[in-house]
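Below: the structure, in structure tokens.
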Amino acid sequence: MIRFKNYVKAENLEEAFVLNQKKSSVIGGGMMWLKVQNRVKMTLVDLSGLGLDGIEEREDEFSIGAMCNLRQLETHEGLNACFNGVFKECTRSIVGVQFRNGATIGGSVFGRFGFSDIITCLLALDTYVELYKGGLVPLDEFCRMKSDRDILVRIHIKKDGRKAAYTSQRMSKTDFPVIACCAARKAGKLYVSVGARPAKAELAVLLEDQGCLREELAKKASEGFTYGTNMRGSGDYRKHLAEIYIKRLLEALDQEER
Amino acid sequence: MEIEFTLNGKLVYEEIADDTTLFQLLRRKACYSVKCGCETENCGLCTVLVNGKSRLSCSLLAARANGCEVVTLEGVEKEAKLFGMYLAEEGVEQCGFCSPGLIMNVLAMEREEVLDDEGIKEYLAGNLCRCSGYMGQLRAIKKYLSRGEDRDEL
């Protein structure tokens with residue numbers, strides 16, 4: 001379990017940033033994965049007093065504060081209406097309601113966890129992270145960046161008209177995913193992200209050729225990723241799953257459009 | 001540091017170490033219904049209501065509960081007794097270790113939304129029980145939720 005000496009509820013982002021520059025400090029999000037780590041820190045910085053716990057719907061985007069919890073994503077009507085319920089789909093299997101009432105989107109994204117359902121889902125959409133010093137960064141670029149001591153303030157999802165679908169496979173209902181897939185479509189382009197391979201999610205963008213069959217598209221998309229083996233499944237098994245799930249997601253997207 | 005919060009309707013002031021979790025604090029305040037069953041945030045045994053929402057007290061810092069309203073099983077005796085009767089009628093009150101967490105989450109669910117069978121299962125998926133196959137509990141929960149005019153029988 002994590003131990004620390006001082007708890008500081010930051011009064012503004014600058015204070016949080018300055019505190020976080022020390023190696024002995026850590027930002028506390030929902031305290032989910034952080035809590036189970038065996039670490040000793042001097043200072044835990046809490047962002048919960050900065051009003052970052054809301055989902056704001058604007059004309060062209062959703063702005064989601066870093067301290068917004070996963071249950072809010074799951075139940076937000078505007079968000080789910082705009083993206084065909086993918087946020088409900090990608091959060092509902094994460095442990096339980098009590099857990100999702102605590103875990104934050106900022107923690108999920110900043111941690112760049114390999115098992116993250118949230119990153120997988122956000123990657124297929126037009127998503128940007130707002131960093132306190134780094135400014136707006138596209139999510140796929142952020143995922144490739146090395147972890148630094150900046151502060152994640154908000155997540156922005158553009159309403160660019162993408163239709164999306166999400167699915168995952170788990171050994172049991174509330175377990176980590178064996179594979180997680182999200183597909184989105186806009187103007188002849190397919191955005192496919194696959195996570196829990198078991199590496200962190202990556203994005204593949206494909207051009208949709210009218211003559212191309214779903215099976216071929218799914219095969220092509222699934223071949224764009226690398227797959228690894230761990231106690232939950234082998235790389236080959238994961239690749240096979242990814243291909244089938246991507247195909248099913250394409251079917252789901254077709255049905256939505258009809 | 002010093003914090004102040006409402007515990008089961010009573011205002012509490014407490015001097016705590018900065019890294020105390022709400023779970024540790026509640027045990028200290030003699031709320032022994034709250035238990036830590038897994039240490040990996042999976043079992044839901046430490047579930048309490050914080051400002052009406054079900055939360056895992058094992059991973060919520062006591063410092064964050066400052067100014068909040070916290071309710072444990074000790075604070076909902078009437079509802080717990082009634083729901084316990086439904087559990088007992090279905091014969092599913094076995095070792096009883098997981099019941100407090102389950103009851104707190106059922107109460108949160110009842111406040112939040114009306115659900116069908118699948119919805120109930122999904123809502124309560126974060127509450128583990130190692131004795132049962134969950135079917136008896138589901139029957140008890142459904143009967144409890146549809147108790148209708150008997151709502152105030154106790």
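This is a predicted model, so every value here is computed, not measured. Worth knowing before you read on, the calculation uses all heavy atoms, side chains too, and leaves out hydrogens, waters and symmetry mates.
Nearest heavy-atom pair, B:Arg64 versus A:Ser48, reported as atom, atom and distance to 0.1 Å: NE-OG, 3.9 Å. Taking each heavy atom of B:Thr40 and A:Val36 in turn, the nearest pair found is CA-CG1, 4.2 Å. Closest of all the heavy-atom pairs between A:Asn101 and B:Ser54 is ND2-O, 2.8 Å. Among all heavy-atom pairs drawn from A:Phe4 and B:Asp18, the shortest one is CE1-O, 3.3 Å. Nearest heavy-atom pair across A:Met32 and B:Glu41 is O-OE2, 2.8 Å.
When heavy atoms are compared at a cutoff of 4.5 Å, B:Asn42 approaches chain A by way of both its backbone and its side chain. With a 4.5 Å cut-off on non-hydrogen atoms, B:Leu61 touches chain A through its side chain but not through its backbone. Contact of B:Ser57 with chain A is not made at all, since no heavy-atom distance falls under 4.5 Å. For A:Lys5, the part sitting under 4.5 Å from any heavy atom of chain B is the backbone (N, CA, C, O) and nothing else. Only the backbone of B:Glu39 comes within less than 4.5 Å of a heavy atom of chain A; no side-chain atom from C-beta onward does. In this structure, the portions of B:Cys58 lying under 4.5 Å from any heavy atom of chain A include both its backbone and its side chain.
A distance of 12.0 Å separates CE in A:Met31 from CG in B:Leu22, rounded to the nearest 0.5 Å. Between the CD1 atom of A:Ile2 and the OG1 atom of B:Thr21 there is a distance of 12.5 Å, given to the nearest 0.5 Å. To the nearest 0.5 angstrom, B:Cys43 atom SG is 12.5 Å from A:Phe99 atom CZ.
Put simply, the side chain of B:Met109 does not reach to within 4.5 Å of the side chain of A:Val97, judged on heavy atoms. At least one side-chain heavy atom of B:Glu122 sits under 4.5 Å from a side-chain heavy atom of A:Lys173.
For CD of B:Glu77, the number of neighbouring non-hydrogen atoms (other residues, nucleotides, ligands) closer than 6.0 Å is 12 at most. Other residues, nucleotides and ligands contribute at most 12 non-hydrogen atoms within 6.0 Å of the NZ atom of B:Lys142. The number of heavy atoms from other shown groups lying within 6.0 Å of CD (B:Glu15) is above 12. Dense packing is recorded around NZ of B:Lys35, with more than 12 heavy atoms of other residues, nucleotides or ligands lying under 6.0 Å away. Surrounding CD of A:Glu11 are at most 12 heavy atoms belonging to other residues, nucleotides or ligands under 6.0 Å away. Atom NZ of A:Lys133 has more than 12 neighbouring heavy atoms from other residues, nucleotides or ligands inside a 6.0 Å radius.
Paired with A:Gln98 under the rule side chain to side chain contact (heavy atoms under 4.5 Å, CB included), one option of B:Leu49, B:Val50, B:Leu60, B:Thr47 passes, and it is B:Thr47.
Between the side chain of B:Asp19 and the backbone N or O of A:Arg3, no donor-acceptor pair lies under 3.5 Å.
Between chain A and the residues B:Ala108, B:Cys46, B:Gly126, the most heavy-atom pairs under 4.5 angstrom are made by B:Gly126. The candidate from B:Glu113, B:Met104, B:Glu112 with the greatest count of non-hydrogen atom pairs under 4.5 Å with chain A is B:Glu112.
Taking the charged nitrogens against the carboxylate oxygens, B:Glu118 and A:Arg92 have no contact shorter than 4.0 Å, which rules out a salt bridge.
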